[in-house]
Asks: 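The structure that follows is given in the form of C-alpha cells.
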Amino acid sequence: STLDPTRLNAQQVLDMATRDGAAALGYPGPDLPNGLGALAPGALADLIALDLTHPNLQPAHDPASLVVYAASGHEVRLTMVHGRILWQDGRFLSLDWEGLLGEMAGVRRWLREKLGG
C-alpha cells in the first residue's frame with residue numbers, strides 16, 4: 001500500500017505468505033494442537049525442503065531472505081503435506097504423473113472438438 005519495499009523485512013513477508021495466509025483461511029494457529037507453525041510430534045507437517053547449494057541461494061546466511069528474495073522454486077527438493085511426502089528429488093511419490101498427462105491429453109482433445117478447432 002505504501003509502494004515502499006523496505007516497510008517489511010523478509011521474515012514478515014514469509015509469515016504473511018504462510019502463517020497469515022493460513023490464518024486468513026481459518027487454519028489453527030501455532031498455539032493450538034496440530035496448529036500452524038509447529039514442527040513437533042503430533043503436529044501436521046506441511047513444509048518444503050530447499051537445496052541450499054544452488055548458486056542463487058549463496059551465501060546462505062538468512063533463510064527467510066533466501067526464500068523471499070532469491071528462491072525461484074527450482075531449488076525445492078521435497079514437499080510434505082500433513083506429514084506425507086508428495087514430491088521428492090524431481091518426482092511425484094503419490095501421483096501417477098504419466099496417467100495424469102494422458103487424462104489431460106484427453107481433455108485437450110475434448111476441448112478442441114467442443115470449440116471446433
Asks: The criterion is side chain to side chain donor-acceptor pair (under 3.5 Å); which residues satisfy it with Glu103, sequence neighbours excluded?
Replies: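 Here no residue qualifies.
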Asks: Do Asp46 and Met80 pass the side-chain contact (heavy atoms from CB on, under 4.5 Å) test, and can you show the C-alpha distance, the side-chain angles, and the key distance before you say yes or no?
Replies: CA-CA 5 Å; Asp46 292 355; Met80 181 183 287; over 6 Å; no
Asks: Taking distance alone, no hydrogens or angles, what donor-acceptor pairs closer than 3.5 Å link side-chain atoms of residues 60-79 to residues at least two apart or in another chain?
Replies:
| from | atom 1 | to | atom 2 | distance (Å) |
| --- | --- | --- | --- | --- |
| His61 | ND1 | Pro59 | O | 3.1 |
| Asp62 | OD1 | Ala64 | N | 3.4 |
| Asp62 | OD2 | Ser65 | OG | 2.6 |
| Ser72 | OG | His74 | N | 3.4 |
| Ser72 | OG | Glu75 | OE2 | 3.2 |
| Glu75 | OE1 | Ser72 | N | 3.0 |
| Glu75 | OE1 | Gly73 | N | 3.0 |
| Glu75 | OE2 | Asn56 | ND2 | 2.7 |
| Glu75 | OE2 | Ser72 | N | 3.1 |
| Arg77 | NE | Asp89 | OD1 | 2.8 |
| Arg77 | NH1 | Asp51 | OD2 | 3.2 |
| Arg77 | NH2 | Asp89 | OD1 | 2.6 |

Asks: Kindly write out the residues that satisfy side chain to side chain contact (heavy atoms under 4.5 Å, CB included) with Ala105, not counting sequence neighbours, or none if the list is empty.
Replies: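 Here the qualifying residues are Arg108, Arg109.
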Asks: Under 4.5 Å between side-chain heavy atoms, chaining through other members, with only Ile, Leu, Val, Met, Phe, Trp and Tyr counted: pull out the rest of the cluster around Val81, sorted by chain and number.
Replies: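 Val81 shares its hydrophobic cluster with Leu86.
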Asks: Considering residues at least two apart in sequence or located in another chain, which fulfil the side chain to side chain contact (heavy atoms under 4.5 Å, CB included) criterion with Thr6?
Replies: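 Only Asp4 meet the side chain to side chain contact (heavy atoms under 4.5 Å, CB included) criterion with Thr6.
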Asks: I need the minimum non-hydrogen distance between Thr2 and Arg7, along with the two atoms involved.
Replies: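 Thr2 and Arg7 have their closest heavy atoms at OG1-CG, 3.3 Å.
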Asks: Distance-only, no hydrogens or angles: does the Gln58 side chain make a donor-acceptor pair with backbone N or O of Pro55 under 3.5 Å?
Replies: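 No: the side chain of Gln58 does not pair with the backbone of Pro55.
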Asks: Measure the CG-CD1 distance between Leu47 and Ile85 for me, rounded to the nearest 0.5 Å.
Replies: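 It comes to 8.5 Å.
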Asks: Does Trp97 have any side chain to side chain contact (heavy atoms under 4.5 Å, CB included) partners at least two apart in sequence or in another chain, and if so, which?
Replies: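 Side chain to side chain contact (heavy atoms under 4.5 Å, CB included) check on Trp97 returns Phe92, Leu95, Leu100, Leu101.
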Asks: Counting C-beta onward and ignoring hydrogens, is there a side-chain heavy-atom pair between Ile48 and Leu50 closer than 4.5 Å?
Replies: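 SC-SC contact between Ile48 and Leu50 confirmed.
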